[in-house]
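One structure is given here, and the rest of the page talks about it.
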Amino acid sequence: MSQITADATAMRDREAARRRRRTAIRRYTGHPGFMIGAVIIALMAIIAIGAPWIAPNSPLATDLANTLAPPSWQFPLGTDQFGRCVLSRLIYGAQISLQVGFWVVLISLTFGTLIGALAGFIGGWLERIIVALIDIMLAFPGFLLALALVAAQGSSLTSVITAVAIAYTPRVATVMRSVVLTIRPRPFIEASHAIGLSSLRILIRHVIPNALPPVIVVATVSAATAILAEAGLSFLGLGVQPPTATWGSVIAEGQAIITTRPLISLSAGICIAIAVIGLNLLGDGLRDTLDPQMRRQTGGKML
Amino acid sequence: MNTPVSLSTDGDALVRVDNLRKVFGGKRWMFGKAGPAVSAVDGVSFSVDRGETFGVVGETGSGKSTLGRLLLRLLNPTDGRVMFDGRDITHLSQSELRRLRGDMQMVFQDPYGSLDPRMKVGAIVAEPMQVHGADRSQIVRRTGEILEQVGLPPATADRYPHEFSGGQRQRIGIARAMALNPKLLILDEPVSALDVSIQAQILNLLRKIQRETGVTYIFIAHDLAVVRHISERIAVMYLGGIVEMAPRQKLYAAPRHPYTASLLSAVPIPDLKAERHRKRIALHGEIGSATALPSGCRFHPRCFKARLKASADGVATAKIADDVVVPRQCVESDPQLQADAEDHFVACHFPLEPGEAADHGITTTSND
């Protein structure tokens, strides 16, 4: 008899666990902003990775007989002044943009989180020094800083990524520090001291996980600004060097003929816009869904 | 009568505190002016026996929560000594302290804030065991066991704190604190954030746990009615000092310090007639400031007894405000905590006589 009830309880528990997992998934799928953003970014990732198979032509192949061709079956978005397929250049350009977005977020999130968490959690002199350094870096416009760094380092994908990451790390660090400052006085931190956790473990187990959601949102949005920054650098000719296709360089090359062939610059601009919108939607969606206390209010209700 | 505080215990004290003091602030930072120094705990001494429940009562600002944190060394005392389990823990290093945490735990006042919102209940309860190096199967078994002990179903382990009510969360907090089978549990107003009906459940749970494990409690509260339910001995704090300390029956039946008497007169009586006819002692003013402790007896600016006493014959008096006169002694010397009857300590120059409390409207129901 008791065996049967025990089994029934176990089954009920498993059922409850399954239900919670389902609601967890629905929380994300039910959020339209998150879903649209995720789909856009996923599509872009697929296009970027599958570029060699998807692109109708080589992005570098010039066809001097076909310069500035209007859209056709062979060149769906026409060709530029060197006779290169614009669509193929945009498809390959997605690789550069997404790489820049991904690496900049990874680098600035890692260092920004660490620096901000240390400053906020340890406090004292260390905090004063870090905050002063961050303030100095923030006083520079991010793009200008990246521009200066690339100009000093020489143009390559790596130097673009490093420069943009260095420009955006202080932003992440400020957000992280301010969030950590709100978490440090909360009772569960004192409770963790009371059970004998060391400060380092409290930082890793309790402070950072609780501080991450807003930081992840900032990071997602900064992926969008990183893509913009890369496009801007390429537009100015300081980014990844031609003939490599990037969205920024497509705009720059189309600029000279924008009155006769507006489609070239415009289509690259639309690509950038879609990527940025996708990342912003994703960031908003994460903001709404990552916080367990927000979970009850959001999810599904927005449609 | 006039012996200094020597706290009578039969050598089996789990906690012994000598002249503990904590001053916040008052330090200079670089060139700035020194901030005001706040003496939160001002020379407190007592001891707690194994298996006992020791209540600490005081209003907001009396230093009772600071005292709890000093005992656990969550704060470092400015002066004085804390002995735990026969060992002086006042100067232990952080790593030695961490090892000791298994034996001394705390339940916090705020059941909403004291649990990490991003951790499942199972992980919250298991965390102290992980910290103190229990192995996996042991942790799983003990987690189930302790959840059952505090009256939560095992499925609780797989859910987040925000899915629970205040009372259930406080149970989780108790489970976490008891997971390592500590010798001492400091309860920092564990029920003051809860509904009255839930308070009783939690108090009963605490009593049940004490019966089963023999853990020692230090129960901090601002509510004499709650402390009465659970404590065997009670210390009353006022502005960082203990003004009276006695076994429960004695304290409630015959309070000797005017402050205790006034606190007791504020406890409602569950009898309409008695409640309507009894007198209350209304204290003068607010609790004083710990940045500027009154001279002499810390309670004299608010004391009703001092005002009465000052009008008696042959008492040297001092004027402390326009029309307030109190005995000179109260202003000039700080009364020490002294044993005046067996186990009954009071820090007052003119303690209330037995029976005098009743004249001031304190009705003691003898239901314990």
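Everything numeric here is computed off the predicted structure, so don't read it as measured data.
Using a 4.5 Å heavy-atom cut-off against chain B, no residue of residues 175-183 of chain A qualifies as contacting. Close approach to chain A, defined as a heavy atom under 4.5 Å from one of its heavy atoms, is seen in B/Arg98, B/Arg101 of residues 92-101 of chain B, taken by number. Contacts with chain A (heavy atom to heavy atom, under 4.5 Å) involve these residues of residues 175-182 of chain B, listed by number: B/Arg176. Below 4.5 Å, heavy atoms of chain A meet heavy atoms from B/Glu127, B/Pro128, B/Gln130, B/Val131, B/His132, all part of residues 124-140 of chain B.
The candidate with the highest count of non-hydrogen atom pairs below 4.5 Å against chain A, out of B/Arg73, B/Arg159, B/Gln105, is B/Gln105. Between chain A and the options B/Ile186, B/Val107, B/Leu72, B/Leu115, heavy-atom pairs under 4.5 Å are most frequent for B/Leu115.
With a threshold of 4.5 angstrom between heavy atoms, B/Asp110 approaches chain A through side-chain atoms but not through N, CA, C or O. Looking at B/Met104, the atoms closer than 4.5 Å to chain A (heavy atoms on both sides) all sit in the backbone: N, CA, C or O.
Nearest heavy atom pair, residue B/Ser114 against residue A/Ala191, reads O-CB, 3.8 Å. The nearest pair of heavy atoms linking A/Ala194 to B/Phe108 is CB-CZ, 4.1 Å. Counting all heavy atoms, side chain and backbone alike, A/Phe188 lies closest to B/Pro117 at CE2-CD, 3.6 Å.
Atom CZ of A/Phe143 sits in a crowded spot, with more than 12 heavy atoms from other residues, nucleotides or ligands closer than 6.0 Å.
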Please assess B/Met106 against A/Glu190 for the test side-chain contact (heavy atoms from CB on, under 4.5 Å), listing each intermediate value before the final yes or no. CA-CA 10 Å; B/Met106 186 154 184; A/Glu190 191 185 25; 5.7 Å; no
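Taking NE2 from A/His206 and CG from B/Asp116, the interatomic distance works out to 5.5 Å, rounded to the nearest 0.5 Å.
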